[in-house]
2 protein chains.
Amino acid sequence: MTPARISKPAAQRRDDILDAAQRLFTTKGVQATSVEDILQDVGIAKGTLYYHFRSKDEILQGIITRTTERVAVKARQVADRPDPVITRFLGVLAAMRVDAPELALAETLHGPGNAEFHVLSIVEMVRAITPILAEVVEQGVAEGSFSTEHPQDMVEILLTSMGMLLDDGIFRGEADQIPRRTAALISAAETLLGCRPGALATAAHDMRIAGATGGAR
Amino acid sequence: MTPARISKPAAQRRDDILDAAQRLFTTKGVQATSVEDILQDVGIAKGTLYYHFRSKDEILQGIITRTTERVAVKARQVADRPDPVITRFLGVLAAMRVDAPELALAETLHGPGNAEFHVLSIVEMVRAITPILAEVVEQGVAEGSFSTEHPQDMVEILLTSMGMLLDDGIFRGEADQIPRRTAALISAAETLLGCRPGALATAAHDMRIAGATGGAR
DNA sequence: CCATACCGACCGACGGTCGGTCGGTGGCGG
DNA sequence: CCGCCACCGACCGACCGTCGGTCGGTATGG
């Protein structure tokens with residue numbers, strides 16, 4: 001009658017838990033997801049979960065770390081491709097959003113505990129992606145398509161504001177502003193990185209990156 | 001022996017609760033502060049707190065709203081002063097940090113629930129201050145000291161990244177980066193708003209705004 | 001046979017609720 | 001002008017359900 005205890009290698013079980021938790025966290029919010037919920041979804045007992053993770057918070061941290069690592073790998077690949085600098089620049093940005101749709105999706109509802117999730121993700125993303133993207137910009141500066149004295153700093157500023165302003169889990173109820181903000185951020189990037197005005201916007205449009213057609217406002 | 005029940009007008013009691021909660025939240029973190037703690041600090045019973053607030057979360061929201069309103073008032077005053085545009089621009093930024101030291105201070109410790117607090121503050125600040133600051137920039141554009149086609153958008157981007165990058169409750173353990181980031185943000189502001197390079201930096205230095213001396217990096 | 005993975009009853013703390021109490025105030029009859 | 005009383009906003013604290021986390025013990029498989 002007992003459903004037969006199944007044992008798995010720790011790494012795999014860890015991933016199972018992370019998968020379930022990620023789905024639930026993004027679906028109904030971190031606070032609103034109980035450990036019990038995760039247990040039921042994975043099909044394990046409480047003790048098992050706490051055998052693999054020290055706390056609920058560590059699970060959240062685990063999701064963010066895992067996702068960030070995946071994105072960083074993809075970003076690195078894109079950054080190292082033999083494409084034009086502008087293509088690679090936009091490609092890295094795309095890698096951030098494309099690979100993490102799970103993080104950006106759903107949970108339009110109530111707040112507590114969710115902004116936390118989003119902001120931690122953003123911070124980790126900025127930390128991980130800034131050096132990669134700055135490298136691309138530096139190459140752009142070297143070849144003349146970009147022009148700035150502080151690539152790393154400007155990239156950091158751009159990534160931070162991008163992460164915040166395009167996340168509707170943070171600026172609640174302003175999802176309709178996202179196209180405007182996307183255009184504004186591209187415009188800001190052009191200015192800050194000193195590339196030909198409109199160069200990023202048109203390239204973004206060609207790459208079919210959302211809301212990247214016109215001027216801001 | 002019973003300490004005699006003291007009754008106050010609701011508004012005042014509300015403020016008392018907000019005061020205590022703000023002190024505790026910033027001291028030991030939102031999550032780590034129990035409702036019980038607040039009760040003890042204010043010297044009231046649980047029912048009383050829940051007579052004035054619907055939930056712990058509403059208290060947090062109340063603190064943020066109150067602080068934002070105060071800052072907005074001060075920012076408005078500064079923006080309307082008969083000073084040079086650049087002075088007023090920096091003055092508004094200063095108003096944000098000066099008037100909200102309670103929000104930025106302390107609680108270097110453990111994470112959960114605190115980033116939430118900070119990020120909500122930042123979002124509200126951006127919402128409240130953007131129009132005020134954009135107005136100043138527009139005046140600057142009109143008189144020629146600034147030059148940008150999208151004042152509102154650029155201000156929004158600047159405020160967002162400022163809020164994030166200068167808050168050590170968000171980028172944990174990077175407090176030492178703040179001077180560098182301050183300089184970078186000023187530099188970015190100069191570029192985005194199209195004012196004379198170094199104009200903001202020197203003015204900031206004259207106004208004794210922290211870490212605003214040299215170029216970025 | 002021993003480490004590793006797993007189980008689930010149990011615990012204490014916490015956020016939130018609820019029935020009820022207290023003190024001041026305004027109206028009204030005397 | 002006084003005293004009574006109905007009313008009401010503010011206040012109280014015992015109580016409850018839920019939740020994150022613990023622990024002693026058990027199955028599995030190398």
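Please read all numbers here as calculations on a predicted model, not as lab measurements. In what follows, chains are A, B, ... by sequence order, proteins preceding strands, each numbered from 1.
B:Leu49 has its CG atom 13 Å from the C1' atom of C:dT17, to the nearest Å. The distance between atom CG of A:Asp37 and atom C1' of D:dG20, rounded to the nearest whole Å, is 12 Å. Atom CD1 of B:Ile38 is separated from atom P of C:dG16 by 10 Å (rounded to the nearest Å). For the pair A:His52 NE2 and D:dT22 P, the computed distance is 16 Å after rounding to whole Å. Taking atom CD on A:Glu36 and atom P on C:dG8, their separation rounds to 12 Å, with Å as the unit. If you measure from atom CG of A:Leu39 to atom P of C:dC7, you get 9 Å, rounded to the nearest angstrom. Remark: P of D:dC12 and CD of B:Gln40 are 14 Å apart, rounded to the nearest angstrom. Taking atom CD1 of A:Ile6 as the reference point, atom P of D:dG29 lies 11 Å away to the nearest angstrom.
Of the candidates C:dC14, D:dC11, C:dC7, the closest approach to any side-chain atom of A:Ala45 belongs to C:dC7. Considering only side-chain atoms of B:Tyr51, the nucleotide from D:dC19, C:dA5, D:dC11 that sits closest is D:dC11.
More than 12 heavy atoms of other residues, nucleotides or ligands shown are found within 6.0 angstrom of CD on A:Glu174. For B:Gln40, the CD atom sits in a loose shell: 12 or fewer heavy atoms of surrounding residues, nucleotides or ligands are nearer than 6.0 Å.
When the nearest nucleotides of DNA chain D are assigned to A:Gly47 and B:Lys46 by heavy-atom distance, the more 5′-ward of the two goes with B:Lys46.
At the phosphate of C:dC7, OP1 or OP2 sits under 4.0 Å from a side-chain N or O atom of A:Thr48. Contact between the side-chain N/O atoms of B:Tyr50 and the OP1/OP2 oxygens of C:dG16 is found at a separation under 4.0 Å.
The base of C:dC6 is paired with the side chain of A:Arg5 by a donor and an acceptor separated by under 3.5 Å.
Using a 4.0 Å cut-off between a side-chain N of Lys or Arg and a carboxylate O of Asp or Glu, B:Asp153 and A:Arg181 do not qualify as a salt bridge. The pair B:Arg127-B:Glu124 counts as a salt bridge, with a side-chain nitrogen and a carboxylate oxygen less than 4.0 angstrom apart.
Counting all heavy atoms, side chain and backbone alike, B:Ile6 lies closest to B:Arg13 at O-NH2, 2.9 Å.
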